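The structure displayed is predicted, hence computed values, not measured ones. Quick note: numbers below take in every heavy atom, side chains included, and nothing from hydrogens, waters or symmetry partners. Every number for a ligand or one of its atoms is a count from 1 in the order of the listing.
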Amino acid sequence: MKPIIGVTTDVNDAGTQTLGSSYIEAIVRAGGVPFIVPTGIDEDVQRVASVLDGLVLTGGEDVDPVHFGEDPHPQLGKVTPERDSAELLLARQMLNANKPLLGICRGMQLLNVVFGGGVYQDMTAQYEKPLVQHKQLSKRRYAAHDVKVEPKTKLQAIAGKDLIRVNSFHHQAVKDVARPLIASAAANDGIIEAVESTEHTFVIGVQWHPEELAKNGDAMSLRVFESFVNACGK
Ligand SMILES: NCCCC(=O)O
């Protein structure tokens with residue numbers, strides 16, 4: 001039986017919940033059944049989590065810094081408290097049950113927050129070293145910068161190599177990786193591009209958008225989804 005994969009929604013300025021079709025397509029291609037999980041389900045997260053075999057925390061707006069003990073920096077972007085709330089609760093449920101979790105972009109940052117870590121609220125303002133361009137101007141389906149993958153990590157086993165090239169659409173980044181997460185990849189400027197749990201069967205976060213690259217035929221990005229969906233089916 002195909003595993004049921006929860007996929008979280010974004011909330012736009014009009015309050016409409018949205019989900020890019022690329023996430024759906026990547027999950028279907030990888031052999032899973034996407035199950036859209038909206039915000040507003042806080043009271044029922046336990047029940048929702050119980051029917052899911054895995055969860056994708058999708059990309060989107062900034063995580064409210066209140067969740068990692070900071071005041072908002074002037075360069076903080078839009079926050080969506082109802083989304084933070086639903087995703088934090090749901091992620092905790094999934095982690096407690098050791099169900100697979102894939103965090104993408106904001107989803108990776110949120111994953112770090114779940115474990116007690118923080119994020120740079122704005123890399124340009126807060127990161128101490130020169131940056132590569134992390135907000136590419138080219139289309140989402142194009143890879144834009146290199147990422148070094150740490151040896152002996154789950155990500156390296158999936159990627160099958162130490163150097164990958166990814167797309168990039170973020171102004172924030174993971175800071176102080178929180179245990180049991182470890183950094184499993186970084187850009188040439190040191191910005192963390194992937195994390196994974198050393199204590200869960202499959203908990204991986206990536207800062208890039210593999211769902212977009214997979215659509216464009218990138219084998220490594222499709223393997224990220226295939227490995228995740230495979231873990232969800234076990
Ligand atoms: N913080 C939300 C994910 C995207 C970004 O960092 O711009």
Side-chain angles (χ1 to χ4, degrees), residues 7-13 16-20 22-23 26 37 39 55-88 90-91 101-145 147 166-178 181 183-196 203-213 221 224:
V7 201
T8 58
T9 58
D10 199 4
V11 184
N12 71 15
D13 287 340
T16 307
Q17 298 200 35
T18 64
L19 177 65
S22 303
Y23 294 107
V37 182
T39 64
L55 176 69
V56 177
L57 293 167
T58 58
E61 310 293 347
D62 294 355
V63 179
D64 191 327
V66 73
H67 296 299
F68 47 94
E70 293 183 11
D71 280 331
H73 185 278
Q75 300 305 322
L76 177 72
K78 193 182 90 177
V79 296
T80 45
E82 69 274 44
R83 181 176 180 189
D84 291 350
S85 171
E87 288 188 335
L88 287 166
L90 192 55
L101 211 156
L102 175 63
I104 294 178
C105 192
R106 164 196 156 94
M108 169 173 113
Q109 297 166 7
L110 187 101
L111 194 54
N112 195 45
V113 171
V114 169
F115 285 115
V119 302
Y120 292 105
Q121 293 189 43
D122 183 71
M123 282 182 287
T124 307
Q126 297 181 312
Y127 191 62
E128 56 285 356
K129 294 187 216 150
L131 288 162
V132 303
Q133 188 188 53
H134 287 276
K135 261 201 171 183
Q136 71 186 61
L137 301 176
S138 51
K139 291 192 169 145
R140 296 177 78 79
R141 62 178 184 268
Y142 297 128
H145 71 74
V147 163
V166 304
N167 56 4
S168 196
F169 305 95
H170 60 115
H171 80 108
Q172 300 194 312
V174 161
K175 187 173 73 172
D176 359 303
V177 180
L181 296 179
S184 52
N188 284 330
D189 53 14
I191 289 292
I192 293 166
E193 291 281 339
V195 294
E196 61 189 54
V203 172
I204 287 181
V206 295
Q207 185 56 69
W208 70 94
H209 281 269
E211 77 285 2
E212 300 286 353
L213 294 179
S221 291
V224 171

ask   = Can you find an N or O of R106 that's nearer than 3.5 Å to an N or O of ligand 1?
value = no
query = Mind checking whether K135 has an N or O less than 3.5 Å away from an N or O of ligand 1?
reply = no
inquiry  = Quick test: of every protein heavy atom, which one is nearest to atom 6 (O) of ligand 1, and how far off is it to 0.1 Å?
reply    = Q172 N, 2.9 Å
request  = Measure the distance from atom 7 (O) of ligand 1 to every protein heavy atom, then report the residue, atom name and distance (to 0.1 Å) of the closest one.
outcome  = H171 N, 2.8 Å
query = Should C105 be listed as contacting ligand 1, given a heavy-atom distance under 4.0 Å as the test?
reply = yes
inquiry  = Can you tell me if G60 contacts ligand 1 (heavy atom of the residue under 4.0 Å from the ligand)?
reply    = yes
[atom2] on [Y] to [atom1] on [X], rounded to 0.5 Å:
X	Y	atom1	atom2	answer
L88	L111	CG	CG	10.5 Å
Q121	D64	CD	CG	8.5 Å
M123	H171	CE	NE2	8.0 Å

ask   = Is there a side-chain contact between T9 and T58 (heavy atoms, below 4.5 Å)?
value = no
note = E87 meets the side chain to side chain donor-acceptor pair (under 3.5 Å) criterion, sequence neighbours left out, with T8, R83, R106
note = Sorted by chain and residue number, the side chain to side chain donor-acceptor pair (under 3.5 Å) partners of D13 (sequence neighbours excluded) come out as K78
inquiry  = One residue to check: E61. Relative to ligand 1, which of side chain, backbone, both or neither has a non-hydrogen atom less than 4.0 Å away?
reply    = backbone
inquiry  = Under 4.0 Å from a heavy atom of D62: which atoms of ligand 1 are those, numbered in the order shown and with their elements?
reply    = 1 (N), 2 (C)
